[in-house]
Amino acid sequence: MTRGLAILATLALWAGISYGNRAVEWMLPALLPTPGEVVRVFLDSVRDGSLVTSVTTSLVRVAEGFGLAAAAALALGVLVGVSTPVRLLVEPIIEFVRPIPPLAFLPMFLVWFGLGEASKVAFIGYTTFFPMFVAVAASVLRVDPMLLRAAASLGATRVDLIRRVILPAALPGIIVALRLGFGLALFVIVGAEFMGADAGLGHLIMEGRTFFNPAQIVMGALVLGLLGSAANALLVAAERSLFRWREARATS
Amino acid sequence: MKIQVQRVSKSFTADGRRTPALVDIDLDVADRELICLLGPSGCGKSTLLNIVAGFLEPTSGTILVDGRPVTGPGADRGVVFQEYVLFPWLTVQGNVEFGLTLKGVPADERRRIARRYLELVGLVQHAQKFPVQLSGGMKQRVAIARALANAPSIILMDEPFGALDAQTREILQEELGRIQRVEHKTILFVTHSIREAVYLADRVVVMTSAPGRIKQIFAIKLPETRDRFAPEFTQYESEITRVVKEEVAKVHE
């Protein structure tokens with residue numbers, strides 16, 4: 001309810017300023033697109049199919065890069081979480097690489113992987129891997145050691161401990177890590193597509209700049225925002241149904 | 001002998017200082033015997049239990065179970081913890097079936113066994129609940145059923161009723177007594193409640209204040225079903241209280 005009102009208020013503010021600007025010409029009207037113009041660009045690009053192509057192109061890149069990074073982060077994060085020697089080995093490397101803003105390496109990815117799909121997928125994978133890996137490892141390390149004792153005294157082997165205790169106990173943290181990574185993937189795909197891409201939402205936005213069509217820029221940004229919210233809502237819903245055991249108290 | 005504790009010592013090192021926790025513990029536990037380890041807090045009774053469980057290694061000495069040295073935790077020694085330590089993502093039934101799942105017992109067989117032990121602890125109607133939905137006393141009943149369902153010959157209980165209110169505590173003591181008359185496990189039970197020890201134990205092992213040694217062992221010659229208000233009961237209670245007090249006093253000197 002409040003959320004809906006807040007969104008409506010924001011839209012109203014945007015409409016008020018942009019249509020007001022039309023009247024008083026406080027700045028060049030073309031620079032400040034109105035909601036109507038953005039909707040028109042949106043409908044046009046839906047009609048000619050370009051929006052669908054852009055969205056699917058970007059989403060495929062995000063899915064591939066994020067998928068690869070998630071698999072790697074999960075495997076390595078769990079390994080680091082359960083093995084102290086591996087942790088001591090990996091930690092300094094991660095701490096060295098992690099503070100470098102990933103965008104600083106984007107040109108490097110273009111040099112290595114060219115202008116095609118590979119560079120975008122690799123870049124998204126690289127960017128999302130580190131935060132996901134760190135979050136997965138942290139949630140594995142946070143698993144209550146008493147749970148491991150309890151399972152060991154019931155006959156659990158090392159593999160049992162990972163499969164039947166560490167993974168389920170760390171799963172809430174792992175899902176949060178994936179949410180974080182997916183959000184970040186949508187974040188950086190734009191940057192990757194700004195540089196040398198011929199399709200995708202980032203390219204759509206850049207095209208808006210090249211052909212001086214601010215409404216297209218705003219439309220692209222809003223579509224990205226909507227995708228992000230939708231993905232987040234899906235993951236939150238998945239979390240709710242997966243972690244019935246944490247919220248069970250409320251329904252008892 | 002079911003459990004043989006042979007010259008077990010344990011010291012902990014913190015900040016480069018070695019603090020002895022247990023010194024030269026020798027204890028033989030017979031098959032189907034219920035032993036209560038009693039002593040002031042910090043006397044190392046839980047440490048001894050953790051060594052028998054295989055969670056800690058003794059600094060010196062050995063633990064033999066059925067004549068074989070203990071090298072780590074195992075399904076032959078079930079453990080019941082003070083803080084229950086149930087798997088929160090599993091239902092009550094899932095928790096009770098956990099050990100059987102590890103052994104690869106088929107699902108219908110698991111369900112049958114779980115049902116039997118949930119009946120024993122009176123929780124059949126709560127089988128599909130999650131641990132967060134249960135009270136402390138119910139959680140500890142689940143933990144006991146989980147340990148029993150795995151069919152260990154030994155059960156190690158580390159102040160299992162310590163976190164419960166007095167009424168629940170007495171009820172669970174009575175239930176454990178009843179269960180023991182059916183199940184006949186070898187039980188090592190850590191407590192600091194003298195009443196609890198006299199109510200449950202075949203023998204009460206009183207430990208000294210830190211570093212823990214065995215001070216005195218009392219054989220409780222009372223009928224299986226005990227009356228907390230019988231004169232013999234209170235006599236054991238006051239006798240053991242006197243011995244424990246000497247040790248508690250030492251802590252405060």
Side-chain angles (χ1 to χ4, degrees), chain A residues 74 77-78 81-85 135-136 138-179 235-252, chain B residues 46 49-50 52-56 70-92 94-105 126 128-135 138-139 142-152 154-158:
Chain A
L74 207 61
V78 170
V82 298
S83 159
T84 313
V136 168
S139 57
V140 170
L141 285 167
R142 265 200 311 274
V143 173
D144 182 0
M146 292 301 281
L147 290 172
L148 300 177
R149 283 190 171 186
S153 73
L154 290 165
T157 62
R158 224 176 138 71
V159 176
D160 289 330
L161 289 180
I162 293 175
R163 195 161 86 95
R164 298 194 183 275
V165 182
I166 291 174
L167 282 180
L171 199 58
I174 289 173
I175 298 284
V176 171
L178 296 181
R179 244 168 71 189
L235 282 163
V236 169
E239 235 176 298
R240 287 246 170 81
S241 67
L242 262 172
F243 304 131
R244 224 155 36 95
W245 53 270
R246 284 199 302 183
E247 299 189 17
R249 200 197 310 256
T251 58
S252 74
Chain B
S46 290
L49 191 99
N50 283 330
V52 177
F55 300 144
L56 294 176
V70 166
T71 54
D76 56 333
R77 285 151 289 138
V79 180
V80 176
F81 304 88
Q82 179 174 1
E83 342 50 278
Y84 328 123
V85 201
L86 299 177
F87 304 114
W89 58 89
L90 296 177
T91 58
V92 165
N95 269 279
V96 177
E97 289 182 1
F98 191 87
L100 302 165
T101 310
L102 297 178
K103 283 185 197 150
V105 175
H126 300 288
Q128 297 314 316
K129 286 193 176 163
F130 286 99
V132 286
Q133 297 169 280
L134 306 179
S135 68
M138 289 159 91
K139 282 184 197 163
V142 176
I144 291 169
R146 178 177 69 178
L148 287 171
N150 207 31
I154 296 171
I155 297 189
L156 307 168
M157 307 182 91
D158 190 1

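In what follows, chains are A, B, ... by sequence order, proteins preceding strands, each numbered from 1.
- Partners of Ser135(B) according to the side-chain contact (heavy atoms from CB on, under 4.5 Å) rule, which considers only residues two or more places apart in sequence or in another chain, are Met138(B).
- In this structure, the portions of Arg164(A) lying under 4.5 Å from any heavy atom of chain B include both its backbone and its side chain.
- Considering only heavy atoms from C-beta on, Asp160(A) comes within 4.5 Å of Thr157(A) through its side chain.
- Residues forming a side-chain contact (heavy atoms from CB on, under 4.5 Å) with Ala150(A) (at least two apart in sequence, or on another chain): Phe81(B), Val85(B), Phe87(B), Arg146(B).
- Top candidate by heavy-atom pairs under 4.5 Å with chain B, chosen from Pro172(A), Ala156(A), Pro168(A), is Pro168(A).
- Heavy-atom pairs under 4.5 Å with chain A peak, among Ala149(B), Pro73(B), Gly72(B), at Pro73(B).
- Heavy atoms closer than 4.5 Å to chain A are found in the backbone of Leu86(B), but not in its side chain.
- Proximity of a side-chain donor or acceptor of Asn150(B) to a complementary backbone N or O of Pro152(B) within less than 3.5 Å is not detected.
- Interface residue Asn50(B): only side-chain heavy atoms are found under 4.5 Å from chain A.
- Note: Gly74(B) leads Gly99(B), Gly78(B), Gly74(B) in heavy-atom pairs under 4.5 Å with chain A.
- Judged by distance alone, with hydrogens and angles left aside, the side-chain atoms of Arg77(B) form no donor-acceptor pair with the main-chain N or O of Leu156(B) at under 3.5 Å.
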